[in-house]
Amino acid sequence: AGLHCRYQFESCLRPDVNPFCQHGLIFIWLQIRLSRKAADLQGLIAFTRDAKDHEAALLNAQSDQEKDKAFVELLNFLEMYAAASNSRLVGGTSKKIIDQKLVDSLATIQNSSNFHDKLEAAISSPETFEKISEFYQKRKVDIQKLSKAMEAQKN
């Protein structure tokens, strides 16, 4: 009798679906959600590691040619993640962290005449770094605010 009452209660949710199938769908949904979170974390770890590596390559470059190469590689990295952010390929906490890193990097470039000049020199067509430009337009206020704060810290 207890099983019968339970079956009647659960089947009220969707009378045309077996209650055991409903539990299976919930389990599958939870598994997919956990898999997405794990993939999101792995992507965030890779982003953080790659950002650190690109910045280290720029800081450790000895010659002007090595510095230019490292800077263009950093810009390509930023372009890729700006494209991911603009296209909403990442979401949640990962998007916030990636967006903040992009804002920070673009404010640093804007604040440094040397880097800003190199960025201008690297743009060879309207399509060059267009995703960075699109991200900049969306977050212009935040980038300029951070740039001003950086400038104030220098003085």
Notebook entry, point to check: Does the side chain to side chain contact (heavy atoms under 4.5 Å, CB included) test come out yes or no for Tyr81 and Val90, once each step is laid out?
Noted result: CA-CA 9 Å; Tyr81 277 97; Val90 292; 5.7 Å; no
Notebook entry, point to check: Partners of Phe115 by ring-ring contact (aromatic ring centres under 6.0 Å, His included), sequence neighbours excluded?
Noted result: Phe71
Margin query: Apply side chain to side chain contact (heavy atoms under 4.5 Å, CB included) to residues Ile132 and Leu119 and explain how you reach the verdict.
Written below: CA-CA 11 Å; Ile132 290 176; Leu119 173 60; 5.7 Å; no
Notebook entry, point to check: If you draw a 6.0 Å radius around CD in Gln153, do more than 12 non-hydrogen atoms from other residues or ligands fall strictly inside?
Noted result: no
Checklist line | Atom of Ala61, atom of Lys67 and distance for their closest heavy-atom approach | finding: O-CE, 3.4 Å
Notebook entry, point to check: Is it true that Glu73 and Lys69 make a salt bridge, defined as a side-chain N closer than 4.0 Å to a carboxylate O?
Noted result: no
Next item on the list: Drop me the distance from Leu146's CG to Gln110's CD, to the nearest 0.5 angstrom.
Entry: 9.5 Å
Next item on the list: Look up atom OG1 in Thr108 and atom NE2 in His116, then write down how far apart they are to the nearest 0.5 Å.
Entry: 12.5 Å
Note to self: Would you say that more than 12 heavy atoms from the other residues, nucleotides or ligands in this model lie under 6.0 Å from the NZ of Lys148, or not?
What the structure shows: no
Check: Are Phe135 and Leu89 connected, step by step, through hydrophobic side chains (Ile, Leu, Val, Met, Phe, Trp, Tyr) whose heavy atoms are closer than 4.5 Å?
Finding: no
Checklist line | Gap separating the CG atom of Leu59 from the NE2 atom of His54, nearest 0.5 angstrom | finding: 13.0 Å
Check: Is the gap between the ring centers of Phe47 and Phe77 under 6.0 Å?
Finding: yes
Next item on the list: Side-chain contact test, heavy atoms from C-beta onward, threshold under 4.5 Å: evaluate it for Thr93 versus Asp40 and give yes or no.
Entry: no
Next item on the list: Show the numbers, then the answer: is there a side-chain hydrogen bond (donor to acceptor under 3.5 Å, both in side chains) between Ser125 and Thr128?
Entry: CA-CA 5 Å; Ser125 75; Thr128 306; 3.2 Å; yes
Notebook entry, point to check: Is there a donor-acceptor contact under 3.5 Å from the side chain of Gln144 to the main chain of Asp142?
Noted result: no
Margin query: With side chain to side chain contact (heavy atoms under 4.5 Å, CB included) as the criterion, how do Lys131 and Met80 come out once you've worked through the C-alpha distance, each side chain's angles and the decisive distance to 0.1 Å?
Written below: CA-CA 8 Å; Lys131 298 303 178 185; Met80 181 177 60; over 6 Å; no
Notebook entry, point to check: Is any side-chain N of the basic residue among Arg139 and Glu134 closer than 4.0 Å to the acidic one's carboxylate O?
Noted result: no
Next item on the list: Count the heavy atoms of every other residue, nucleotide or ligand shown that sit under 6.0 Å from CD of Gln65, and state whether that count exceeds 12.
Entry: no
Margin query: Nearest 0.5 Å, please: how far is CG in Leu75 from CG in Leu58?
Written below: 9.0 Å
Check: Other than Leu41, what residues sit in its cluster of Ile, Leu, Val, Met, Phe, Trp and Tyr side chains whose heavy atoms are under 4.5 Å apart, directly or through others?
Finding: Ile45
Check: Hey, does the side chain of Asn86 reach the backbone of Ala82 with a donor-acceptor pair shorter than 3.5 angstrom?
Finding: yes
Note to self: How long is the straight-line distance from CD1 of Ile143 back to NZ of Lys138, given to the nearest 0.5 Å?
What the structure shows: 12.0 Å
Next item on the list: Would you indicate whether the side-chain heavy atoms of Lys118 and Ser112 approach each other to under 4.5 Å?
Entry: no
Note to self: Nearest 0.5 Å, please: how far is CD1 in Ile123 from CD in Glu130?
What the structure shows: 11.0 Å
Next item on the list: Could you tell me whether the side chain of Val103 reaches within less than 4.5 Å of the side chain of Gln100, counting heavy atoms only?
Entry: yes
Check: Are Lys96 and Asp99 close enough for a salt bridge, meaning some N to O gap below 4.0 Å?
Finding: no
Checklist line | Verdict with reasoning, Thr48 to Lys52, per side chain to side chain contact (heavy atoms under 4.5 Å, CB included) | finding: CA-CA 6 Å; Thr48 304; Lys52 182 184 69 132; 5.8 Å; no
